[in-house]
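Below is one structure; the comments refer to it alone.
Everything numeric in this text was worked out from a predicted model, so none of it was measured. Numbering of ligands and ligand atoms starts at 1, following listing order.
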Amino acid sequence: MRIFAAAAAVLAVTIASADVRADPIVIKFSHVVAENTPKGQMANKFKELVESRMGDKVKVDVFPNSQLFGDNKVLEAMLLGDVQIAAPSLSKFKKYTKKLQVFDLPFLFTDIEAVDRFQNSPKGQELLRSMEDKGLLGLGYLHNGMKQMSARRPLKTPKDAKGLKFRIQTSDVLAAQFKAVKAIPVKKPFSEVFTLLQTKAIDGQENTWSNIYSKKFFEVQAHITESNHGVIDYLIVTSSEFWTDLPADVRGGVEKAMAEAIAHGNQVALDKAVEDRQKIIDSGRSKVIELTPEQRQKWVDSMKPVWGKFQKEIGKDLIDAALAANETS
Ligand code: SIN
């Protein structure tokens, strides 16, 4: 009888401790691109690293292709606690800070290495905290790559863009950039771009090689101009409240996995900028136009005056720091 009572007590304690064992923290990571892109690969790597190291404490659910939220809704959802990590393009934060508009200035950065140097500079790192007053915290940057322009007709000089409708992200700088060449900018979510191009509701768009390839824009755009006129990179963002509420050991582990996943994504970005460009050329569906130095200069001359319009909002200090990052020394 005494043995039975002791066994019952042990069983009760075991059940009670099983009951109090905490459920894993769930991190929902929402993004809008395909899985075979720098951001898609980074998100999957992050899940793999976190769950292999801390699977008993943290679970990561990745939602690609705008399955959970488009970029126009994701930051509101984050502040409501419905998603914990996202990586919108740097062009999609204007409601929360004007400073990140620096990344949209046309022909500011000479290449992705210059963008990388700026992001890692003290000014670039300061920008990670530029939305803290709104409850958002940048955990790091991720590359996609330099932007190219595509259209139904060949774009060699700015006058070729006149009167064409270009889909843009929700950035006033990008709107000004296309108005500067007398084109018509149309702000639309990424998830709608293919259909808008296919139905000819718009005439063109600007994007990176990996987005043009993975979302098949090249199948519905006869011409792509290799303009490298701007950049699409990402801010990995979370809510400050979610971040500070994480237990310190989990926060440290997530931070480490994030840094490693970003390094992986950045390598994918470099590779895809070359490979996806080549796949598009090989497909024969779209003709890639290489600009002569004179043709490129005409785009620079037309679009660069846009900087002046946004200098006050962005801050001259940031523009100067970005320009300094073009120097390799
Ligand atoms: C993305 O790369 O996340 C989307 C960029 C776009 O909206 O064009």
Side-chain angles (χ1 to χ4, degrees), residues 29-44 46 62-75 77-78 83 85-95 100-101 103-104 106 112 115 119 138-151 165-175 177-178 183 185-198 201-218 220-221 224 227-237 261-262 265-266 268-273 276-277 280:
F29 188 153
S30 170
H31 69 81
V32 300
V33 292
E35 289 188 272
N36 60 338
T37 57
K39 183 159 56 181
Q41 294 290 300
M42 176 269 163
N44 292 353
F46 174 68
V62 179
F63 299 89
N65 292 312
S66 311
Q67 273 166 17
L68 190 60
F69 294 107
D71 280 337
N72 50 345
K73 288 278 180 309
V74 75
L75 297 175
M78 182 168 278
V83 59
I85 293 185
S89 142
L90 291 162
S91 312
K92 294 180 180 168
F93 287 90
K94 97 163 183 221
K95 222 170 119 187
L100 289 173
Q101 295 183 122
F103 289 99
D104 285 337
I112 200 72
V115 178
Q119 290 171 349
L139 297 176
Y141 295 101
L142 173 71
H143 295 314
N144 183 334
M146 301 305 281
K147 283 185 293 190
Q148 321 303 335
M149 280 182 275
S150 72
K165 284 191 198 144
F166 283 87
R167 176 270 173 175
I168 56 162
Q169 305 175 76
T170 53
S171 155
D172 292 341
V173 179
L174 300 181
Q177 168 195 281
F178 278 109
V186 187
K187 291 180 181 171
K188 289 286 178 189
F190 186 62
S191 56
E192 293 177 23
V193 181
F194 179 84
T195 307
L196 290 167
L197 292 171
Q198 191 183 37
I202 53 172
D203 305 300
Q205 62 86 49
E206 52 166 15
N207 231 301
T208 60
W209 290 115
S210 73
N211 280 348
I212 294 172
Y213 180 72
S214 60
K215 289 292 176 186
K216 303 191 189 318
F217 300 162
F218 70 102
V220 286
Q221 291 275 267
I224 304 175
S227 48
N228 291 312
H229 63 284
V231 62
I232 291 187
D233 266 14
Y234 306 113
L235 188 71
I236 315 284
V237 66
I262 287 175
N266 282 344
V268 174
L270 291 180
D271 295 344
K272 286 205 169 284
D276 290 351
R277 174 185 180 277
I280 290 168

* Pairing of Asp104 and Lys92 as salt bridge, 4.0 angstrom limit -> no
* What residues form a side-chain contact (heavy atoms from CB on, under 4.5 Å) with Asn44, not counting sequence neighbours? -> Glu35, Val62
* Structure fact -> Expected contact list for ligand 1 at under 4.0 angstrom, heavy-atom basis, is Val32, Val33, Lys39, Lys92, Arg167, Gln169, Phe190, Asn207, Asn211, Tyr234
* Asked: Do Lys39 side-chain atoms and Ala87 backbone N/O form a donor-acceptor pair below 3.5 Å?
  -> yes
* Can Asn144 and Thr208 be counted as having a side-chain donor-acceptor contact under 3.5 angstrom? -> yes
* Asked: From Tyr234 OH over to Ile232 CD1, what is the distance, rounded to the nearest 0.5 angstrom?
  -> 6.5 Å
* To do: Please round to the nearest 0.5 Å and tell me the distance separating atom CG of Asn72 and atom OG of Ser191.
  => 7.5 Å
